[in-house]
Amino acid sequence: MPPPRFVVRTVMASHEFWYRVSGGALGGKIGGVPCLLLTTTGRKSGRKRTTPLLYLRDGQDVVIVASYGGSPKHPTWYGNLVANPEAEVLIGREQKRVVARTANDDERARLWPRLVEMYKSYAEYQTKTERTIPVVILAPKQ
């Protein structure tokens with residue numbers, strides 16, 4: 001069961017603040033795993049929403065995981081990307097516009113082992129939920 005929403009929002013806001021202020025020197029890695037800031041557009045509110053997420057580089061693309069700690073529901077940011085795939089990422093001090101898509105079965109099969117190698121808890125999260133945890137590919141916007 002995820003923590004109360006106000007706790008998550010407080011932690012996320014603090015992480016975002018220190019990440020931006022330090023150019024990713026603070027909050028740019030979590031347990032040695034690289035972290036970015038993803039900004040999506042709220043599918044209901046239309047407001048910009050920023051979430052710190054672990055990521056993996058795959059060529060020009062950036063790969064993120066909609067695990068939500070193995071919750072039975074997808075994270076809100078994933079629903080926002082499905083509704084509006086155009087987003088922004090901040091990696092260190094580099095900000096870029098991206099277009100998101102959910103990895104197809106072949107892409108997921110190729111990327112999932114790399115993601116689990118990077119962050120072992122993803123495998124545990126998948127066992128905690130009946131949903132297939134989406135792997136999301138963020139491609140640079142042309």
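Being a predicted model, the structure only gives us computed values, none of them experimental. Values reported hereafter were calculated over all heavy atoms of this structure, with side chains retained and with hydrogens, waters and symmetry mates removed.
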Inset, instruction - For residues L36 and V62, determine if any side-chain heavy atom of one lies less than 4.5 Å from a side-chain heavy atom of the other. - result: yes

Legend entry - Atom pair NZ (K73) and OG1 (T129), whose distance is rounded to the nearest 0.5 Å: 12.0 Å

Inset, instruction - Give a yes or no on this: more than 12 heavy atoms of other residues, nucleotides or ligands lie within 6.0 Å of atom CD of E117. - result: no

Legend entry - Donor-acceptor contact present, side-chain Q126 to main-chain I133, <3.5 Å: yes

Inset, instruction - Sequence neighbours left out, what pairs pass ring pair (Phe, Tyr, Trp, His ring centres under 6.0 Å) with at least one residue falling in residues 42-67? - result: none

Inset, instruction - Say whether, by atom type as modelled, one donor and one acceptor occur between the side chain of R108 and the main chain of V136 under 3.5 angstrom. - result: no

Legend entry - Residues forming a side-chain contact (heavy atoms from CB on, under 4.5 Å) with K48, sequence neighbours excluded: T39, T41

Inset, instruction - Name all residues meeting the side-chain contact (heavy atoms from CB on, under 4.5 Å) criterion together with S14; count only those two or more places apart in sequence or in a different chain, and write none if there are none. - result: W18

Inset, instruction - Tell me, please, which residues at least two apart from R110 pass side-chain contact (heavy atoms from CB on, under 4.5 Å). - result: D58, R114

Inset, instruction - To the nearest 0.5 Å, tell me how far R20 CZ sits from L26 CG. - result: 14.5 Å

Inset, instruction - Considering non-hydrogen atoms only, spot the tightest contact between P34 and K29 and give its length. - result: CA-CG, 4.2 Å

Legend entry - Any pair counted as ring pair (Phe, Tyr, Trp, His ring centres under 6.0 Å), so long as it reaches residues 87-140, sequence neighbours left out: Y119-Y122

Inset, instruction - List the steps, then state whether salt bridge (charged side-chain N to carboxylate O under 4.0 Å, His left out) holds for E107 with R101. - result: CA-CA 11 Å; E107 291 168 322; R101 65 181 175 79; 2.7 Å; yes

Legend entry - Salt-bridge criterion met for E88 and K96 (N-O under 4.0 Å): no

Legend entry - Pair K141-V98, side-chain contact (heavy atoms from CB on, under 4.5 Å): steps then yes or no: CA-CA 5 Å; K141 186 170 180 193; V98 294; 5.8 Å; no

Inset, instruction - Evaluate the criterion side-chain contact (heavy atoms from CB on, under 4.5 Å) for residue pair I64 and L54; output intermediate values, then yes/no. - result: CA-CA 6 Å; I64 56 178; L54 304 179; over 6 Å; no

Donor-acceptor pairs under 3.5 angstrom involving side-chain atoms of residues 75-83: please list them, not counting sequence neighbours.
| from | atom 1 | to | atom 2 | distance (Å) |
| --- | --- | --- | --- | --- |
| Y78 | OH | T102 | OG1 | 2.7 |
| N80 | OD1 | R43 | N | 3.1 |
| N80 | OD1 | R43 | NH1 | 2.9 |
| N80 | ND2 | T40 | OG1 | 3.3 |

Legend entry - T51 to M12 - nearest heavy-atom pair and separation: CG2-CE, 3.7 Å

Inset, instruction - For N104 and D106, work out which heavy atoms get closest and say how close. - result: OD1-N, 3.1 Å

